[in-house]
Structure formats: C-alpha cells, structure tokens
Amino acid sequence: MHIQYPYLPKNKEILFVKSTHPIMLKAKEFAKNYSRDKVMPNASIIVKNNEVIGIGANGSNYHDTHECERVKLNSKSGQDYELCEGCHPKNHGEQTAILDALKKDNDTDDAELYMWGHWWCCKPCWKAMKNAGIKNVYVIKNANELFDKNNPKNIVGKQFL
C-alpha cells in the first residue's frame with residue numbers, strides 16, 4: 001500500500017508495528033499523560049539496544065492563551081510551524097524525545113524512534129532525526145487512517161477511548 005505523506009525525505013520510509021507493540025503502548029500512555037495538544041496528542045520514544053533512551057510528547061501551553069497563527073492563516077498540514085510558537089517543531093514529540101535523550105547523555109546514533117498519535121513527520125523533525133542519527137521511524141499500522149484529521153476513519157478526539 002502506498003501512502004502519500006505530506007513530507008517524506010528521499011530514501012526514507014516510515015515503518016509500521018502493531019498498536020499492541022510494547023513501546024507503542026508506552027508512547028500512547030505517555031501521550032495521554034503528557035501531551036499538551038488537546039486535538040492531536042502524540043508522543044515519541046527513542047530506543048537503542050532494546051532500551052528506552054529518550055521520550056517526549058508534543059505541545060506547549062502557548063495555545064492556552066494565544067490563538068494559533070497557523071489556524072488564522074489556514075496553513076496546510078506540515079507548513080508554517082515557525083510562525084506559531086505553539087506549533088513550532090521544538091514542541092513536536094520527535095524533537096522533545098531527542099532532547100530528552102541528549103539531556104541524559106544518551107547516544108542517539110543508530111537509534112529508532114517510535115511515534116504514537118501521528119502518521120508522518122514534518123521536515124524539521126526529519127532533519128532533527130537525521131542530525132541525531134535516528135535510523136528508523138515507526139508508527140502503528142493504519143496510523144494514516146487513524147490520525148489523519150481528513151480521513152473519515154480517523155479517531156481524532158477519541159484516541160484514548
């Protein structure tokens with residue numbers, strides 16, 4: 001099955017695991033407890049040598065008191081993140097997981113990233129993962145249906161039911 005991602009670097013792919021995969025279950029729980037994005041909560045876990053070395057959730061509290069600049073501009077998915085403090089890539093689960101790993105002095109080279117709650121990674125996050133040496137990115141099977149707001153089969157707003 002070919003999935004049309006909003007962004008995918010050349011020679012990269014997103015891999016899939018079952019929703020019951022132990023790391024995905026941890027990521028889902030972390031998203032539920034720590035994501036600040038009320039609509040699309042997600043979390044990323046970085047694993048190396050079968051050990052969790054970094055974990056992060058998306059979101060910030062910016063949207064609690066400010067309007068989203070991307071919403072006001074009717075920005076397309078994956079675009080204009082830099083125009084809104086609350087949407088900035090530094091607040092994405094992938095980048096917060098990388099930062100967590102590095103703060104703990106963990107080597108992220110050849111590590112793998114598991115992301116629950118989303119179905120693709122934006123260009124700035126792919127760049128951060130490349131710079132960190134992340135070799136593979138995993139999402140759950142059917143993530144493109146479950147977490148795409150435009151897909152009629154999505155579970156947006158019902159992720160934790």
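Listed by chain and residue number, nothing satisfies the side-chain hydrogen bond (donor to acceptor under 3.5 Å, both in side chains) test with E82 (two or more places apart in sequence, or in another chain). By the salt bridge (Lys or Arg N to Asp or Glu O under 4.0 Å) test, K90 pairs with E85, sequence neighbours left out. With sequence neighbours excluded, no residue satisfies side-chain hydrogen bond (donor to acceptor under 3.5 Å, both in side chains) with N154. Among residues two or more places apart in sequence or in another chain, the salt bridge (Lys or Arg N to Asp or Glu O under 4.0 Å) test is passed with D37 by none. With sequence neighbours left out, the salt bridge (Lys or Arg N to Asp or Glu O under 4.0 Å) criterion links K104 to D100. For D80, the salt bridge (Lys or Arg N to Asp or Glu O under 4.0 Å) test picks out no residue, with sequence neighbours left out. Listed by chain and residue number, nothing satisfies the side-chain hydrogen bond (donor to acceptor under 3.5 Å, both in side chains) test with T108 (two or more places apart in sequence, or in another chain).
K76 has its side chain within reach of Q79: a pair of non-hydrogen atoms, C-beta onward, lies under 4.5 Å apart. Between L8 and I14 the shortest side-chain heavy-atom distance falls below 4.5 Å. In this structure, M40 and V156 have side chains that are in contact, with non-hydrogen atoms separated by less than 4.5 Å. The shortest side-chain heavy-atom distance between L102 and N106 does not fall under the 4.5 Å cut-off. Using a 4.5 Å heavy-atom threshold, the side chains of I3 and F16 count as touching. A 4.5 Å side-chain heavy-atom check between H21 and Y114 finds at least one atom pair inside the cut-off.
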Validation: residues 118-133 side-chain donor-acceptor distances under 3.5 Å, sequence neighbours left out:
residue, atom, partner, partner atom, Å
W126, NE1, C121, O, 3.1
N131, ND2, K127, O, 3.4

Below 3.5 Å, can you tabulate the donor-acceptor pairs from side chains in residues 46-54 to any protein atom, sequence neighbours excluded?
residue, atom, partner, partner atom, Å
K48, NZ, D107, O, 3.4
K48, NZ, D107, OD2, 3.1
K48, NZ, D109, O, 2.8

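Checked against the 6.0 Å centroid threshold, H92 and Y81 count as a close aromatic pair. Taking the centre of each ring, W116 and F160 come in below the 6.0 Å mark.
Minimum interatomic distance between T96 and A57 (heavy atoms only, all atoms of both residues): OG1-O, 3.1 Å.
Side-chain atoms of E145 and N151 include no donor-acceptor pair closer than 3.5 Å.
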Audit row: M115, Y138, side-chain contact (heavy atoms from CB on, under 4.5 Å) steps and yes/no:
CA-CA 6 Å; M115 180 171 57; Y138 295 89; over 6 Å; no

After noting the C-alpha distance and the side-chain angles of L73 and L83, does the key distance pass the side-chain contact (heavy atoms from CB on, under 4.5 Å) rule?
CA-CA 10 Å; L73 294 169; L83 300 178; 3.6 Å; yes

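More than 12 non-hydrogen atoms from other residues, nucleotides or ligands lie less than 6.0 angstrom from OH of Y62.
Residue pairs meeting the salt bridge (charged side-chain N to carboxylate O under 4.0 Å, His left out) criterion with at least one partner in residues 2-22, sequence neighbours excluded, are absent. Judged as a salt bridge (charged side-chain N to carboxylate O under 4.0 Å, His left out), the pairs with a partner in residues 61-71 (not counting sequence neighbours) are, in order, E69-K72.
Taken to the nearest 0.5 Å, the OG atom of S77 stands 7.5 Å off from the CG atom of N150.
L25 and Y34 fall into different hydrophobic clusters, where Ile, Leu, Val, Met, Phe, Trp and Tyr residues are linked whenever their side-chain heavy atoms come under 4.5 Å apart, directly or through other members.
Cluster partners of L99, using a side-chain heavy-atom cutoff of under 4.5 Å among ILVMFWY residues and allowing indirect links: none.
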